[in-house]
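Down below is the structure, laid out as structure tokens.
Fair warning: this is a prediction, and the values are worked out from it, not measured in the lab. Chain letters run A, B, ... following the sequence lines, proteins first and then strands; every chain starts at 1.
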Protein chains: 2
Amino acid sequence: MTSSSSARRTTIIDVARAASVSRQTVSNVINSPERVAPETLARVQAEIDRLGFRPSRAAQSLKQERAGAWGLELNSAGFGRLGAILDIFLIELTTGAAERGSHVVPFTAADSAAPLPAYERLVASRVADGFVLTDTRRDDPRPAWLEAHHVPYAAFGRVWDDPGITSWVDVDGASGVEAAVHHLAGQGYERIGYLGWPEGSPVGDDRRSGWVRATTDLGLANPEWQARSTQSLPSACRAAAGLLDLLGRGAAIVCASDTLALGAWRVLLERGLEPGVDIGLVCFDDTDIAEALDLSSLHQPLDRVADRVLHLLATGPDPRDPAGGLLLPPELVVRSSSKPAGNRTTRKEK
Amino acid sequence: MTSSSSARRTTIIDVARAASVSRQTVSNVINSPERVAPETLARVQAEIDRLGFRPSRAAQSLKQERAGAWGLELNSAGFGRLGAILDIFLIELTTGAAERGSHVVPFTAADSAAPLPAYERLVASRVADGFVLTDTRRDDPRPAWLEAHHVPYAAFGRVWDDPGITSWVDVDGASGVEAAVHHLAGQGYERIGYLGWPEGSPVGDDRRSGWVRATTDLGLANPEWQARSTQSLPSACRAAAGLLDLLGRGAAIVCASDTLALGAWRVLLERGLEPGVDIGLVCFDDTDIAEALDLSSLHQPLDRVADRVLHLLATGPDPRDPAGGLLLPPELVVRSSSKPAGNRTTRKEK
DNA sequence: TTGTAGGCGTTATCAT
DNA sequence: ATGATAACGCCTACAA
């Protein structure tokens, strides 16, 4: 960095002087160009460009009584990192906010189990006009608090506690898994198992329900063909091994996450089976791992989620959408791990 | 979200009225408590707490002519995501900034190859007082531009072009790899190879130099025992396979990244070799993958990097540090992939 | 120790 | 079409 300089940035007054108009006219050129004579407009605009003038955000905020920023709690799940999904979501959100003339202000709560003080600070100091919530959970204290304090918010993830709340967007895990199952069935697989998380997680249960629905619809249902595992690799390997014992070769597995898929992938390797040849594999969340392992996976449309969240923040919940928030379907990215089942007769040549 | 309310937030005047003092006294209570009579202080403080008053950030910024925020370009490498390192760095930076009364303002450049307009906007509108740079590269236009415009900045990553610039912090890749080699040698490994990136990347070359130095120091040097690969898994697998052919069982490999390690890990599995038993493995960047695969890896001290970056921003480059920025050593996290070489005689029982 | 005055840069309102 | 005035909330300097 450099010595903090003395050179004051140019203000609206500098522009006004340079263009020989009042500062109000400069303001009009920026905010209501239609009220300014074309000739004046051009002259002032030229000075604005020449001097590189931009209104001070602080002065605007003060005058307009809005910060022009949305707060985003990082680490609201308490993992100390965003993870592959929120990582990308943050970028989409930041870009989308900029397109709408706003900023994103990330913050962390000292105690992720009791985050409200952090929200309160930002509201009280008027740093954020509202919030984007992520990692919503059952008994999440945030929506109720924000409602009570009349603070705008929109959630990436369902607001579970109150069906009356519609200011959320989520990815439709059930329909995603459903699509994956249909895809695998279309590739010729007839035994399609599910490797998911332990019961009780809303996201996990949602995804599993897609497997139940799709296999039932297709007449391929078998409640035995599933296993549950936490997000640790050893656990995933154990679960995948058990599931593979049940399913046998020529079957397919849909995994609730890429970590689970990594476990399954490892077991396949240990057994000399090749994904997409001996066993079909599709996982959720199109992360680095899925890409690296060339696994078919369900890609979350995070750009659209971010767009919708910003829209909700800007306009409030859509009254045409009274029954609930918006569910966006993930997109299946087909890679080599779900090649047509016919391929499995051909042995791999590596 | 809720209807944007009419309830105006409490201001310093509300507090002044409630406590029957002038607004100036309230200001003093907050900014110079020592100049206020204890009794008055308590009374005013009580009202501040009761009303939940916090100074408006916009008004403060306007008056103090500083935004109280540091800009952070997301996606400056153009990948569309932060990645495992910047993900955590962002959280550390956000937390550290909050401790110092500032915020982090993330932003993206429309064209990550020509990011300066985005920086210029933030400076001109006084949204950010300075910037944290990441993904610094050779011929990076940002440091020079920021210097020229007297905008404070500090980089996570060396500023390569100008050795006179000392406002950066980086992780010492060379010494990290060196430590890894010494660790492996201490575990009894005698053939220690290196799986790195193609020549020409500053970060990669730096890490490789640690391998050269350590193996030379230990008398274990063999320039043949290395392979180069891009960050794609197939490429990593090919390179790892070739390296393993050279090294044979009982050797160890240090990898420049976790993706490369994933490739090596895969090849081991395919050959029925177990990491930490038949082949020692250490990788850089202690990411999810390293954790999931139980690989020993070099953990970057991102909390300290963030702390130092914020310190640099607050105070300017340290004049006691005229020779360059600060290199922090990564910490070796030992997991099962670098168990003592003696273990390799015992066959795995799984 | 406390209070008063002025201004940071902008925009809305109301004149001209 | 353009300009003057006031106000957003706070803080620094100075006055009492």
Side-chain angles (χ1 to χ4, degrees), chain A residues 4 6-45 47-48 51-68 101 122-129, chain B residues 4 6-45 47-48 51-68 101 121-127 129:
Chain A
S4 63
S6 52
R8 252 179 45 269
R9 316 260 167 234
T10 71
T11 75
I12 201 170
I13 295 192
D14 300 321
V15 178
R17 254 198 291 270
S20 312
V21 292
S22 76
R23 60 189 189 206
Q24 184 53 33
T25 300
V26 180
S27 175
N28 285 337
V29 166
I30 293 171
N31 300 302
S32 317
E34 73 282 359
R35 341 171 83 208
V36 178
E39 182 207 334
T40 321
L41 186 77
R43 195 173 76 247
V44 173
Q45 189 62 59
E47 289 303 328
I48 288 176
L51 298 170
F53 169 72
R54 292 203 168 264
S56 149
R57 194 73 202 190
Q60 285 183 316
S61 293
L62 188 57
K63 179 68 190 170
Q64 302 175 171
E65 307 196 25
R66 28 171 257 107
L122 261 57
V123 169
S125 56
R126 275 140 292 178
V127 165
D129 300 317
Chain B
S4 65
S6 53
R8 253 183 39 272
R9 316 257 167 238
T10 71
T11 77
I12 201 170
I13 296 192
D14 299 322
V15 178
R17 253 200 291 272
S20 313
V21 293
S22 78
R23 60 187 195 211
Q24 182 50 36
T25 301
V26 179
S27 176
N28 285 337
V29 166
I30 293 170
N31 300 302
S32 319
E34 72 284 359
R35 339 171 83 208
V36 178
E39 184 206 334
T40 322
L41 184 78
R43 194 172 78 246
V44 174
Q45 189 61 58
E47 289 303 325
I48 289 176
L51 298 171
F53 169 72
R54 292 203 169 263
S56 148
R57 193 75 199 186
Q60 283 183 318
S61 294
L62 188 57
K63 178 67 193 175
Q64 301 172 176
E65 307 195 16
R66 31 171 257 105
R121 283 172 81 95
L122 260 57
V123 169
S125 57
R126 276 142 291 179
V127 165
D129 300 316

- request: Measure the distance from CZ on A/Arg43 to P on D/dA1 and round it to the nearest whole Å.
  value: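 So the two atoms are 15 Å apart, to the nearest Å.
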message: Just N and O in the side chain of B/Thr25: are any of them under 4.0 Å from OP1 or OP2 of C/dG3?
response: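 Result: yes.
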message: Please confirm whether the shortest side-chain N or O distance from B/Thr40 to OP1 or OP2 of C/dT1 is below 4.0 Å.
response: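 Checking B/Thr40 against C/dT1: no side-chain N or O falls below 4.0 Å of OP1 or OP2.
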task: Kindly compute the distance separating CZ (A/Arg35) from CG (A/Asn28), expressed to the nearest 0.5 Å.
output: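 Going from CZ on A/Arg35 over to CG on A/Asn28, the span is 5.5 Å.
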query: Which atom names give the shortest non-hydrogen contact between A/Leu41 and A/Val36, and what distance separates them?
result: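 Reported closest heavy-atom pair: N-CG1, 3.6 Å.
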- prompt: Which atom pair, heavy atoms only, marks the closest approach of A/Pro55 to A/Ile30?
  reply: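 Looking at all heavy atoms of both residues, the closest pair is CG-CD1, 4.0 Å.
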Report yes or no: does [X] contribute a side-chain atom to a donor-acceptor pair with the main-chain N or O of [Y] at less than 3.5 Å?
{"X": "B/Arg43", "Y": "B/Ala19", "result": "yes"}
{"X": "A/Arg126", "Y": "A/Ala124", "result": "yes"}
{"X": "B/Ser61", "Y": "B/Arg66", "result": "yes"}

query: Hey, does B/Ser61 reach any base, or is it just sugar-phosphate, or nothing, if we go heavy atoms under 4.0 Å?
result: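 No contact.
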I'd like a table of atom pairs between the protein and nucleotides 8-12 of chain C - only N or O on both sides, under 3.5 Å - with the distance next to each one.
residue: C/dT10; atom: OP1; partner: A/Ser56; partner atom: N; Å: 3.0
residue: C/dT10; atom: OP2; partner: A/Ile12; partner atom: N; Å: 2.5
residue: C/dT11; atom: OP1; partner: A/Asn31; partner atom: ND2; Å: 3.3
residue: C/dT11; atom: OP1; partner: A/Gln60; partner atom: NE2; Å: 2.9
residue: C/dT11; atom: OP2; partner: A/Ser27; partner atom: OG; Å: 3.2
residue: C/dT11; atom: OP2; partner: A/Asn31; partner atom: ND2; Å: 3.4
residue: C/dT11; atom: O2; partner: A/Lys63; partner atom: NZ; Å: 3.2
residue: C/dA12; atom: N6; partner: A/Gln24; partner atom: OE1; Å: 2.4

